[in-house]
Amino acid sequence: MVEKATLDAEYSVIGCLLVDPSIVGELISLTRAEDFSIPELRTVYQAAVRLFTAGRPVDAVTIRGVCGAEYNNLLLQCMDITPTAFGWKTYIAAMQEQTRVRRLRALAEQLAGVRTSTQARELIGQAGEILSEKNRTRVVTMDQALLQFFTEQGEKRKFISYGLDKLDRRLYSDHGDFVVLAGRPSAGKTALALQMAAHMGQQERVGFYSLETSPAKLTNRLVANRCIIDFARINRREMTDEEWQRAATWKKEVTATDLELVHAPGWGVQDILTTALARRQRIVFIDYLQELRGRGRDRFEQVTNISLDLHTMAQEHGILVVALSQFSRAAASRADAAPTLTDLRESGQIEQDADAVLALYLDPDEDAPADDRKLRVLKNKEGRLGEFSLSFDGQHQLFAEYMDGQLAAARHVARVEKSHRGQQEIESA
Ligand SMILES: Nc1ncnc2c1ncn2[C@@H]1O[C@H](COP(=O)(O)OP(=O)(O)OP(=O)(O)O)[C@@H](O)[C@H]1O
């Protein structure tokens with residue numbers, strides 16, 4: 001049974017269409033035939049679209065000409081409900097809300113009959129998409145474009161920080177971007193991504209989806225990184241008394257970040273999207289892309305689809321997606337060579353879809369400290385390419401950039417130590 005609120009909204013939308021010819025174009029661009037649950041109103045709407053696209057006037061007379069005299073009463077009824085078109089966008093919003101509810105109920109019925117959790121996850125994913133559907137119009141006139149331009153220019157834009165100044169000054173990442181962090185095995189992708197995720201988690205909720213590493217192992221790395229504790233001793237469960245003490249007093253360095261670790265072996269993009277929407281994560285890290293389950297006959301087709309889906313997930317849902325990626329085997333054999341975009345494994349689609357591609361690799365410079373890495377910006381839609389050096393302290397899983405010849409990490413550690421010393425003095429006073 002169709003509810004009264006739905007009926008009213010649908011009649012009102014058609015009524016507005018009939019009484020004000022000036023809104024017909026915009027009204028059509030904001031609606032679809034499927035928004036109408038009443039078949040007769042859908043027929044009227046489709047007639048209006050046909051007339052409009054044929055360049056003919058849209059009113060009660062021309063529509064009756066298309067639909068037939070038997071629609072007379074219905075057209076009069078619609079116009080009776082809405083003597084003026086004032087508030088027509090509110091009626092559209094009400095009608096589309098009802099459409100959403102209808103589609104969700106239909107999904108709920110299907111959900112009641114599923115036989116596997118995979119089917120359920122697929123349906124829940126579709127429900128998430130219905131719920132996050134925004135205004136459908138994608139057409140923007142020059143007047144609207146310029147109005148938006150001035151509004152945006154008047155507001156200060158805040159980009160998402162990776163915690164590395166030189167990278168932040170190049171990338172200008174925002175929600176809706178798809179960023180790839182690529183490297184050879186053991187380059188330190190996971191370590192760098194975790195450090196970035198913990199940094200971003202100080203501002204908003206971040207999900208870190210690992211397809212191969214358990215949350216417990218990731219926590220070991222996080223504690224090493226945030227509390228500057230020997231990673232090998234953490235792994236062997238042989239922390240010294242001093243390290244126990246430090247982990248206890250510095251625990252806020254870990255807990256103050258809104259980071260959620262998700263163990264995701266065998267997951268696909270849809271599983272991640274469903275979880276990210278349910279947990280309200282605005283930033284998602286995926287470790288790593290080639291491990292994701294994908295649709296397609298061969299690996300090439302699967303990775304192509306995964307890349308497309310990640311791009312859509314970022315854009316449609318306003319999530320910053322940072323996916324880690326392996327380089328191809330050919331590139332992996334050239335350990336000292338600077339990577340290029342063609343080294344991305346299995347699919348050129350990743351190169352096409354990504355807003356930015358970063359490559360992490362061992363610094364080939366013979367004079368550089370042994371553990372130094374290079375972070376190269378291979379693709380950057382919003383800014384410059386280039387590369388810079390990072391020191392990697394594997395013992396603490398800590399990456400730091402060189403700022404004015406000094407390591408930013410040293411300054412960070414000194415700052416944190418000072419703040420905790422101050423805290424301890426206050427507590428013991
Ligand atoms: N106790 C330690 N002391 C020094 N370095 C360490 C220690 N433990 C691990 N490492 C180094 O830390 C790095 C961790 O790399 P990480 O796992 O982040 O790389 P990755 O690029 O994600 O690799 P993969 O693709 O294989 O997962 C490795 O280079 C490893 O050699």
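Counting starts at 1 for both ligands and their atoms, following the listed order. This chain uses plain numbering: 1 for the first residue, then up along the sequence. Bear in mind the structure is a predicted one, so any value in this text is a computation, not a measurement.
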* Measure up the F178 and H311 rings against each other and bin them: parallel (under 30°), tilted (30 to 60°), perpendicular (over 60°). => tilted
* Is R205 salt-bridged to E260, cutoff N-O under 4.0 Å? -> yes
* Asked: Taking atom CD of Q270 and atom CG of L123, what is their separation to the nearest 0.5 Å?
  -> 10.0 Å
* To do: Specify whether Y45 and F36 have parallel, tilted or perpendicular ring planes, treating 30° as the upper limit for parallel and 60° as the lower limit for perpendicular.
  => tilted
* Give a yes-or-no answer on whether the side chains of S161 and D168 include a donor-acceptor pair shorter than 3.5 Å. => yes
* Anything with a heavy atom under 4.0 Å from ligand 1 counts, so go ahead and list those protein residues by chain and number. => R184, P185, S186, A187, G188, K189, T190, A191, E212, R221, F231, A232, Q326, R373, F392, G394, Q395, Q397
* **Minimum side-chain heavy-atom gap P265-L211 below 4.5 Å** => no
